[in-house]
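To start, the structure under review is shown below, and the notes come after it.
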Amino acid sequence: MPELPEVETTRRGIEPHLTDRRITAVTVRQPVLRYPVTPDLADRLCGRRITAVRRRAKYLLLHAGSADALIIHLGMSGSLRLVSTNTPAGKHDHFDLVLDSGHILRLNDPRRFGLVLWATAPVEAHPLLARLGPEPLTEGFDGDYLYRRSRGRRGAVKTFVMDSAVVVGVGNIYASEALHMAGIHPSRPAGRISLSRYRRLATAVQEILSRAIEQGGTTLRNFTNGEGKPGYFRQHLRVYARAGEACPECGEPVLARVIGQRSSFFCGRCQR
DNA sequence: ACTGGATCCTGACTGC
DNA sequence: TGCAGTCAGGATCCAG
């Protein structure tokens with residue numbers, strides 16, 4: 001479900017409801033997620049106030065008065081919602097953070113590819129975070145960087161930009177969209193693309209992600225922003241999930257093809 | 001160091 | 001209606 005815009009949308013949605021609130025209880029209904037939920041979370045969190053809600057890549061980081069953090073990842077199907085304390089838990093509601101405001105931060109994740117883990121400071125050194133590439137919307141990410149990192153790589157450029165060791169947050173939807181905007185064929189070997197084209201790609205990635213965040217993310221099935229509202233970027237998708245429809249640039253039918261085990265959408269005429 | 005493939009899990013949808 | 005098969009917004013691990 002969530003790529004960077006959806007996770008950032010979630011972060012923005014929940015942050016004002018969490019900051020300065022005291023945690024009164026922690027409920028784990030299903031400890032078997034991608035990794036086992038850290039035991040004893042209640043001991044670490046109860047009675048403490050939430051001081052920051054950060055994001056790194058697609059990971060949400062909740063701080064409660066220290067540099068240690070609770071890491072939450074939504075996987076493919078996860079979502080976080082704020083509900084009132086008396087809301088009964090439904091199917092796949094695996095984790096609750098009960099607040100003194102009368103609200104609960106509730107994690108729902110049907111496929112259970114998400115995770116809830118405690119990370120001691122420095123959080124950046126946690127194994128899940130240590131090897132991540134730069135954030136696409138901050139300094140350190142540009143076409144020169146992509147060009148440098150791509151030399152010698154023979155795999156498809158789409159797989160390359162989705163590699164979180166290269167740049168974080170670019171998932172299957174926005175990879176297709178950014179490559180279309182940049183006019184680059186998704187199957188082209190990453191190491192055989194010029195610097196000027198990587199500059200276009202870097203700009204495209206940033207534009208697509210920024211616009212998607214402005215629209216509250218993309219809702220394909222059931223993504224919501226923490227207050228139960230969907231994202232509105234779906235209508236702006238130009239090629240993703242539009243196989244057979246006319247390319248908005250040239251009118252040729254959009255093609256679908258599996259690249260790196262992921263479905264990919266592109267225009268065979270605009271993208272070379 | 002890079003690459004392709006298998007893998008975790010449930011639900012929605014398609015075609016018979 | 002039922003059932004089997006396919007696919008899904010992620011990311012790690014493994015063998016080669």
Side-chain angles (χ1 to χ4, degrees), chain A residues 1-10 29-37 55-60 71-80 90-95 107-117 126-133 136 148-179 186-192 205 208-209 212-213 215-225 230-243 256-265:
Chain A
M1 167 199 297
E3 300 187 32
L4 188 149
E6 292 73 46
V7 178
E8 178 62 19
T9 295
T10 297
R29 295 185 198 80
Q30 171 56 276
V32 183
L33 302 181
R34 165 146 204 137
Y35 301 108
V37 175
R55 178 188 60 75
R56 171 71 172 115
K58 297 169 191 166
Y59 297 93
L60 287 166
I71 304 181
I72 299 176
H73 193 283
L74 302 176
M76 290 276 268
S77 59
S79 62
L80 284 169
K91 201 173 184 183
H92 307 306
D93 283 340
H94 305 314
F95 176 81
L107 173 71
N108 180 281
D109 183 8
R111 291 177 73 181
R112 290 195 260 137
F113 287 175
L115 61 85
V116 178
L117 291 177
H126 189 279
L128 290 172
L129 306 182
R131 302 183 59 186
L132 294 176
R148 202 166 59 246
R149 286 296 304 265
S150 63
R151 293 310 90 181
R153 289 185 71 145
R154 291 184 296 174
V157 61
K158 175 161 178 280
T159 305
F160 172 70
V161 294
M162 289 177 66
D163 182 347
S164 64
V166 172
V167 59
V168 303
V170 184
N172 203 35
I173 296 178
Y174 301 115
S176 277
E177 293 297 309
L179 287 164
S187 296
R188 179 168 287 275
R192 295 198 10 245
V205 165
I208 293 283
L209 295 179
I213 292 170
Q215 297 286 317
T218 299
T219 297
L220 288 186
R221 289 195 173 77
N222 50 13
F223 169 76
T224 58
N225 64 356
Y232 298 102
F233 195 69
R234 182 175 191 176
Q235 62 207 75
H236 300 284
L237 299 178
R238 293 164 75 82
V239 288
Y240 186 84
R242 295 196 187 281
R257 177 169 157 188
V258 175
I259 299 170
Q261 301 173 282
R262 309 298 297 276
S263 61
S264 308
F265 302 89

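First the proteins, then the strands, lettered A, B, ... as listed; each starts at 1.
The separation of B:dC9 from C:dC3, taken at their P atoms, amounts to 23 Å, rounded to a whole angstrom.
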Under 3.5 Å, N/O pairs linking protein and nucleotides 4-6 of chain C:
none

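Considering only side-chain N and O atoms, A:S263 lies under 4.0 angstrom from the phosphate OP1 or OP2 of C:dA8.
For A:R56, the salt bridge (charged side-chain N to carboxylate O under 4.0 Å, His left out) partners at least two apart in sequence or on another chain are A:E135. Under the rule for a side-chain contact (heavy atoms from CB on, under 4.5 Å), the partners of A:R151 that lie at least two apart in sequence or sit in another chain are A:Y147, A:Y198. Contacts of A:R242 classified as salt bridge (charged side-chain N to carboxylate O under 4.0 Å, His left out), with partners at least two apart in sequence or in another chain: A:E245. A search for side-chain contact (heavy atoms from CB on, under 4.5 Å) contacts involving A:V258 returns nothing, not counting sequence neighbours. Here A:R238 pairs with A:E249 under the salt bridge (charged side-chain N to carboxylate O under 4.0 Å, His left out) rule; sequence neighbours left out. Residues that satisfy the side chain to side chain donor-acceptor pair (under 3.5 Å) test with A:D93, not counting sequence neighbours, are A:N108. A:T10 meets the side-chain contact (heavy atoms from CB on, under 4.5 Å) test with A:I14, A:L60, A:L74, A:L80, A:F223; sequence neighbours excluded. Among residues two or more places apart in sequence or in another chain, the salt bridge (charged side-chain N to carboxylate O under 4.0 Å, His left out) test is passed with A:R192 by none.
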Would you mind writing out the side-chain donor-acceptor pairs for residues 161-168 of chain A within the sub-3.5 Å range, not counting sequence neighbours?
from, atom 1, to, atom 2, distance (Å)
A:D163, OD1, A:A165, N, 2.9
A:D163, OD2, A:R153, NH2, 3.3

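For DNA chain B, runs of at least 3 consecutive pairs of the Watson-Crick or G-U wobble type, with both hydrogen-bonding distances under 3.5 angstrom, map to B:2-8 with C:10-16, B:10-16 with C:2-8.
The interatomic distance linking A:R154 (CZ) with C:dG16 (C1') rounds to 13 Å, in whole Å. Distance A:D163 CG to B:dC2 P: 9 Å, rounded to the nearest Å. Per the geometry, CE belonging to A:M162 stands 8 Å off C1' belonging to C:dG10, to the nearest Å. Distance A:L220 CG to C:dA8 P: 11 Å, rounded to the nearest Å.
Picking from B:dT3, C:dG10, C:dT12 the nucleotide with the shortest atom distance to the side chain of A:Y35 gives C:dT12. Distance from the side chain of A:R262 is smallest for C:dG10 among the nucleotides C:dG10, B:dC2, C:dA8.
Within 4.0 Å of A:Y59, counting heavy atoms only, lie sugar-phosphate atoms of the nucleic acid but no base atom.
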Treating primed atoms plus P, OP1 and OP2 as sugar-phosphate and everything else as base, which nucleotides of nucleotides 7-12 of chain B get B, S or - for protein heavy atoms under 4.0 Å? -BBBS-
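Under the 3.5 Å distance criterion, the side-chain polar atoms of A:E8 are left unmatched by any main-chain donor or acceptor of A:I213. Panel note: side chain A:R234, backbone A:L220; a donor-acceptor pair is recorded below 3.5 Å.
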